[in-house]
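This report concerns only the one structure given below.
Hydrogens, waters and symmetry mates are skipped; everything else that's a heavy atom, side chains included, is used.
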Amino acid sequence: MTSRQILSSHDAVRPLPATAWAVLGLLSFPGERTGYELKKWADASLRFFYWSPAISQIYAELRRLEALGYATSRHSGPDEARTKRRYAISEAGRRALAEWAHSPTAAGPPVLKHPLVLRVWLGHLAAPERLRELVEEHLARTEAELGNVRAALAHAEDSGDWAHPRIALRWSELRELAELELARAMLADLDRLAPPPRGAEPDNDDGWPGPG
């Protein structure tokens, strides 16, 4: 049976939180890794398009996955200065992960929570210069994040096993570029706003300064 075949009834996929599947996904690539190494890899890959779990969450999920038989672990040998526990995906874990990835309910619409846009939405309560500062700060952060994505993408080029992670990172690069374009357009929109005359009244009966 290949990892893409339907699991048998006694080996059915257990319901797990997305974080568990993400950690198991990190283990699905060749090699064994410690929890710390998984955290570093999540910070250099997952966080650009999903999120990076805290180290405590990673270890909690590793214990859960091992208890389910989806992961195995072993202590490092005497050649290492400090004893470490290294984890690997099991065959049952690989089958379960493949089944979850193929499930029609595995994916859903992205959740967008944009703190900057929320503040601009409340711009009638803020000074115009402060709104500009917020957008400019966002531009600087996005430029830095774009650099981080490109560094991760360059690192991923070194491994033939990371073809699909490269696609995800390329998507992340394009998203950051789009975010820069959107933020610059937002600055232009703010610049086109004429400040209301001092002491001006709302233009409709309900107090909302828009269409009445």
message = Are the side chains of E91 and R95 in contact, using a 4.5 Å heavy-atom criterion?
response = yes
Scanning both residues in full, the closest heavy-atom pair of A44 with L169 reads O-CD2, 4.4 Å
side-chain contact (heavy atoms from CB on, under 4.5 Å) test vs L16 passes for just one of V23, L24, L65, namely L65
So CD1 of I55 and NZ of K40: to nearest 0.5 Å the spacing works out to 11.0 Å
Tightest non-hydrogen contact, residues F48 and V149, listed as CD2-CG2, 3.4 Å
- Message: Check for me, please, whether W162 and W171 land in the same ILVMFWY cluster - side-chain distances under 4.5 Å, paths through other members count.
- Response: yes
Paired with R86, the side-chain contact (heavy atoms from CB on, under 4.5 Å) test is passed by just one of H75, R33, E37, namely E37
Q. Can you tell if the side chain of L62 reaches within under 4.5 Å of the side chain of R85, non-hydrogen atoms only?
A. no
If you measure from the Lys or Arg side-chain nitrogens to the Asp or Glu carboxylate oxygens, is any gap between D189 and R192 under 4.0 Å? yes
Derivation of the salt bridge (charged side-chain N to carboxylate O under 4.0 Å, His left out) call for R64 and E61 = CA-CA 5 Å; R64 186 208 303 262; E61 294 303 341; 2.8 Å; yes
P53 and A42 have their tightest heavy-atom pair at CD-CB, 4.2 Å
dist L139:CG -> L134:CG (nearest 0.5 Å) comes out at 11.5 Å
Check your understanding: Does a sphere of radius 6.0 Å around OH in Y36 hold more than 12 heavy atoms from other residues, nucleotides or ligands, not counting ones at 6.0 Å or beyond?
Key -> no
Worksheet entry | Salt-bridge present (R63, E66; N to O < 4.0 Å) | no
Interatomic distance, CZ@R175 vs CZ@F49, rounded to 0.5 Å, equals 11.0 Å
Here the gap from N148 atom CG to S172 atom OG, rounded to the nearest 0.5 Å, amounts to 11.5 Å
> Any chain of hydrophobic side-chain contacts (each under 4.5 Å) joining I167 to F29?
Replying inline: no
d(L187 CG, E136 CD) to nearest 0.5 Å is 5.5 Å
In terms of heavy-atom contacts, R94 and I89 come closest through NH2-CG2, 3.2 Å
Shortest non-hydrogen pair, A183 vs V135, comes out as O-CG1, 3.5 Å
d(E133 CD, H138 NE2) to nearest 0.5 Å is 15.5 Å
On a heavy-atom basis, the closest approach of S28 and L97 is CB-CD2, 3.7 Å
Given the options E173, E145, H155, R150 meets side chain to side chain donor-acceptor pair (under 3.5 Å) only with E173
Next on the checklist: Students often mix this up, so state it plainly: with edges at 30° and 60°, are the rings of W100 and W21 parallel, tilted or perpendicular?
Outcome noted: parallel
Just wondering, more than 12 heavy atoms not from E181 lying within 6.0 Å of its CD? no
Treating Ile, Leu, Val, Met, Phe, Trp and Tyr as nodes and any side-chain heavy-atom pair under 4.5 angstrom as an edge, say whether L131 and L193 lie in one connected cluster.
yes
